[in-house]
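Down below is the structure, laid out as structure tokens.
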Amino acid sequence: MESAIHAVLGNGSLAARIDIVPQIHEGGPNGEVINDLIERAGEEAERLQALLDEDDALKPFLSGVFANAPYLRDLAMAEPSRLARILESDPADFVLALLECVRTLRPDSQAALEHDLRCAKAEAALAVALADLSGAWPLEPVTASLSALADAALDATIRFLLTELSERGKFKPVDPEDPAKDSGWIVLAMGKHGAEELNYSSDIDLIVLYDPHVAPLAEGVEAPVEFVRLTKRLVKIMQERTANGYVFRTDLRLRPDPGATPLAMSVPAALIYYESMGQNWERAALIKARPCAGDKEAGRIFLHDIAPFIWRKHLDFAAIADVHSIKRQINAHKGHAAIAVSGHNVKLGRGGIREIEFFVQTQQLIAGGRNPRLRNRRTLEMLKRLCAEGWVDDEARAELDDAYRFLRAVEHRIQMVNDEQTQTLPEIDEGLMRIAALMGFSSPEPFGDALRIRLHVVQKHYADLFEAESELASELGNLVFTGDDDDPDTLETLSRIGFKRPLDAIRIVKSWHFGRYPATRSAKARERLTELHPALIDAFGCTTGADAALSSFDRFLSKLPAGVPLFSLLYANPHLLSLLATIMGEAPRMSEIVSRRASVLDAILDPSFYEDMPREADFAARLETTLALVRSYEDALDRARIFGQEQMFLIGVRLLSDTLNPGQAGRAYTRLARVLVRALLVRAADHLAEASGRVPGGEVAVLAMGKLGGFEMTPTSDLDMILLYDYPDDAASSDGQRPLSPSQYYMRLTQRLVAAISAPTAEGTLYEVDFRLRPSGNAGPLATRLSAFSVYQSESAWTWEHMALTRADVIAGDEALRDKVKEVIREVLCRPRDLENLRLDVADMRARIEAEKGSSDIWSLKTVAGGIIDIEFIAQYLQLANAAEHPEILTQMTEQALGRAAEFGLLSAGDADILAPAIRLYHTLTQILRLSVGEGFDPEAAPAGVRDLLARSVHLTDFARLEDQVRETQGAVRATFERIIGPIILRETIEK
């Protein structure tokens with residue numbers, strides 16, 4: 001490292017070697033800053049004045065520097081004697097003496113150490129800056145001096161900390177004069193520090209390790225606890241700001257999986273990480289790794305041990321693809337599109353320093369395993385070697401060398417202005433003038449021209465690095481998720497395509513590659529995932545809730561047992577990726593289902609999936625195939641749950657993808673539920689028969705009510721049912737080993753059926769079951785004999801129970817009993833009625849529901865005034881009022897009942913035109929809401945994707961218009977209800 005400093009040693013004092021004099025822009029400070037400096041110099045005033053008098057260029061040089069770089073002016077003003085010593089010395093000699101002083105520090109306290117290090121940093125900062133700005137030094141001694149100072153400061157701090165630890169009896173140094181030797185405490189310099197290429201205001205990137213088998217700790221001292229504590233103190237000493245400033249900002253984020261590991265990591269743990277989960281960008285980063293302080297020999301051994309991870313002799317095709325995909329994610333524009341100078345990031349922006357570094361490191365990764373000559377840390381030296389080995393032609397080497405030197409000089413000058421760790425050029429003219437002046441240009445225009453030339457040159461060579469484009473490469477823009485820096489162009493890309501929180505998006509994607517999830521633990525999975533990045537981000541960006549979609553996908557990944565099968569599936573089927581993104585962005589409830597059961601995605605690839613609407617016979621055949629191989633009753637319940645959950649998900653996917661409309665989806669959900677009830681009734685009866693046999697001549701039927709009866713189920717609907725049975729009068733009991741009376745038997749069967757459907761197993765539940773619509777409700781027996789049901793409905797049932805009966809449908813059981821049940825229901829519904837009493841009963845029932853469950857929230861679509869219940873009650877009233885003369889009006893489906901009423905002239909055309917579109921609107925919105933968010937909907941809290949999906953489902957352009965339409969519809973429906981049924985008033989109030 002110091003060879004670069006020695007190369008410029010012995011060329012005379014700085015004052016005598018000024019080749020560049022920065023211009024002072026109009027209105028800026030002039031020679032007065034020098035006068036102020038001399039006034040503050042005190043005893044050093046004569047010394048400074050003599051130096052200024054000796055060389056005519058010195059005063060304008062210092063005036064230009066201090067006028068354009070306030071940080072350097074402040075360093076000089078703080079201690080004028082410091083400036084005098086620098087000016088009269090050979091810069092290299094000054095820096096080397098300073099380094100030796102730091103290396104030999106033996107402070108008696110931490111405060112003294114911090115003071116001495118900060119003073120040394122200030123002296124080095126001023127000396128190096130002046131040597132750089134004057135043109136006395138090229139790039140190499142500038143970066144070498146800063147890197148050597150960082151090493152010396154770290155060494156001095158580690159020596160102090162270990163000595164102190166020894167004095168406390170916790171550490172037994174092998175050599176008390178050099179306690180870091182054989183200490184097992186390893187500090188690796190990374191990035192520019194590791195390459196000995198530190199920039200002027202650079203952070204130092206470190207990886208801190210410890211070897212618990214080497215460290216000479218006292219008995220009972222825990223290595224993890226002590227080395228983490230030491231590392232925290234090391235960082236604090238280096239970067240905490242005091243009255244004397246700071247030494248170096250210190251960054252430990254390049255260590256393995258920084259979000260989940262301690263600041264200091266054990267060597268065995270680090271080896272395991274790199275061998276099992278190390279990423280290709282970490283291989284690139286480790287090219288620059290160098291033991292810079294602490295136990296350097298242990299550091300060299302560690303780097304030797306992980307060399308096979310960094311340098312692969314036979315790089316596999318997947319790893320090459322990963323390297324290529326990292327490159328492709330950076331949107332390397334070919335040609336010469338305009339690059340703005342103001343606000344451009346010369347490190348991370350297009351044509352910047354990072355592209356030159358990546359140009360070099362990528363080729364090192366590919367070829368360095370086979371060619372040890374390509375394993376060097378320094379960028380410019382590696383450009384020469386790549387050229388010598390035939391990987392880069394001489395023209396490219398020369399152009400990139402020139403561009404790298406120019407861009408690094410710009411970077412340094414940006415940082416010299418205010419000592420800020422930034423690489424972004426100012427956006428205002430005054431700021432650009434400062435940088436141009438410090439670069440030796442007379443104005444910003446020629447500086448901008450010179451900068452653009454270099455940026456375009458770098459961009460061209462970078463774009464040519466990999467000519468072939470993958471089919472997954474996109475034109476979105478930069479999508480870089482490697483390294484520890486957040487690429488500014490990636491932030492811009494993510495913001496532009498729809499991400500409101502681009503920093504969070506970058507954090508999520510980066511976290512996948514640390515192998516924290518089982519799905520991303522293998523190298524193959526991570527490489528395949530890297531290939532998918534552009535397509536994934538594009539798909540999520542196309543949703544109306546990109547951030548929510550990405551977060552949902554992250555939760556999905558976290559629960560997957562393995563990733564390669566899924567990533568391969570998505571890679572081969574881009575349409576599936578788009579559909580998955582839609583689910584993640586617009587249907588949070590469904591994304592949870594995918595997270596629990598990723599196998600549902602396989603079914604979407606079946607060509608028949610998007611064909612005809614699912615038929616009941618198809619569901620039944622598939623379910624029977626699923627249940628054919630079960631080994632036990634419990635296994636049957638689990639398999640039924642798997643089947644039901646998958647099929648409900650697939651219906652939802654078809655609804656989201658517009659291959660089913662909401663009405664078709666409601667019928668599909670209902671058909672699925674009916675098939676499952678039918679199959680589980682058979683299994684429950686067989687299971688009961690194993691112990692209690694069967695009732696001789698007994699029959700059973702399941703009566704579906706509510707949405708199950710009316711073909712209007714949603715993915716979250718309960719099953720409203722009644723179980724009816726009958727048996728010969730002479731059947732006293734069942735015929736099994738543990739006989740039961742018929743009433744007990746069918747009550748047990750009902751309990752078994754309810755448990756088969758709703759009891760949680762290892763595979764979850766199917767549906768909640770509601771038997772409250774049975775005769776006498778919760779006060780009555782769970783199962784009802786047909787004769788009792790007939791008598792109850794004819795003699796004791798309330799009007800509201802007959803209203804509910806309009807939606808009843810027999811869905812399972814013995815055929816003969818099913819026909820009898822249908823006949824009983826038909827007789828009850830077709831009896832003549834007192835219309836006035838019927839109207840009062842309907843109004844009374846609606847008033848009671850409104851009093852108990854009413855809501856002013858328009859999104860309580862069922863219970864709100866003018867909502868679903870209003871329409872259902874109108875349809876039920878019309879059927880009960882007119883079935884005696886028009887039995888054809890009877891149907892379980894609300895919309896169909898309204899249509900038949902209008903057809904027979906029982907509902908006016910005007911009212912039908914209000915009610916039919918209203919029930920379609922409500923059912924559509926209900927299906928979408930239950931599918932996407934489940935029960936309950938708060939528009940303010942809901943993802944934007946859900947709101948947009950609701951509006952799109954009814955062909956409106958935005959959610960605000962939808963809310964207006966819902967309000968208008970509810971008002972019209974309530975007015976229609978009051979016109980047909982009457983006011984919403986309790987009957988007892990009317991009778992009083």
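- In terms of heavy atoms, Ala640 sits closest to Leu627 at N-CD2, 4.2 Å.
- Note on Arg683 versus Glu624: salt bridge recorded, some NZ/NE/NH1/NH2 to OD/OE distance being below 4.0 Å.
- A donor-acceptor contact closer than 3.5 angstrom links the side chains of Arg555 and Ser552.
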Only distances under 3.5 Å count here; give the side-chain donor-acceptor pairs of residues 691-699 to other protein atoms, sequence neighbours excluded, each with its distance to 0.1 Å.
{"residue": "Ser692", "atom": "OG", "partner": "Arg738", "partner atom": "O", "Å": "2.9"}
{"residue": "Arg694", "atom": "NH2", "partner": "Asp686", "partner atom": "OD1", "Å": "2.7"}

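- Checked against the 6.0 Å centroid threshold, Phe553 and Trp512 count as a close aromatic pair.
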Identify all side-chain donor-acceptor contacts of residues 750-760 below 3.5 Å with residues at least two apart in sequence or on another chain.
{"residue": "Thr750", "atom": "OG1", "partner": "Tyr746", "partner atom": "O", "Å": "2.7"}
{"residue": "Arg752", "atom": "NH1", "partner": "His687", "partner atom": "ND1", "Å": "3.2"}
{"residue": "Ser758", "atom": "OG", "partner": "Val754", "partner atom": "O", "Å": "2.7"}

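- Of all the heavy atoms in Leu890 and Gln879, the pair that sits closest is CA-OE1, 3.3 Å.
- Atom CG of Asp729 sits in a sparse spot, with 12 or fewer heavy atoms from other residues, nucleotides or ligands closer than 6.0 Å.
- Of the candidates Arg667, Arg807, Gln892, Lys707, Glu712 forms a side chain to side chain donor-acceptor pair (under 3.5 Å) with just one, namely Arg807.
- Under the 3.5 Å distance criterion, with hydrogens and angles disregarded, a donor-acceptor pair is assigned to the side chains of Gln744 and Ser741.
- Between the side chains of Thr714 and Ser717, at least one donor N or O lies within less than 3.5 Å of an accepting N or O.
- By the salt bridge (Lys or Arg N to Asp or Glu O under 4.0 Å) test, Arg631 is found to be paired with no residue, residues two or more places apart in sequence or in another chain being considered.
- Side-chain atoms of Glu801 and Tyr792 include a donor-acceptor pair closer than 3.5 Å.
- The cationic atom of Arg930 (NZ for Lys, CZ for Arg) does not lie both less than 6.0 Å from the six-membered ring centre of Phe937 and within 45° of the ring axis.
- Using a cutoff of 4.0 Å between basic side-chain nitrogens and carboxylate oxygens, Arg622 and Asp618 are not scored as salt-bridged.
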Worked verdict on Asp635 versus Tyr633 for side-chain contact (heavy atoms from CB on, under 4.5 Å): CA-CA 5 Å; Asp635 190 21; Tyr633 179 64; over 6 Å; no
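- Summarising the local packing, CZ of Arg748 is surrounded by 12 or fewer heavy atoms from other residues, nucleotides or ligands at distances under 6.0 Å.
- At distances below 3.5 Å, at least one donor-acceptor pair connects side-chain atoms of Thr670 with backbone N or O atoms of Met713.
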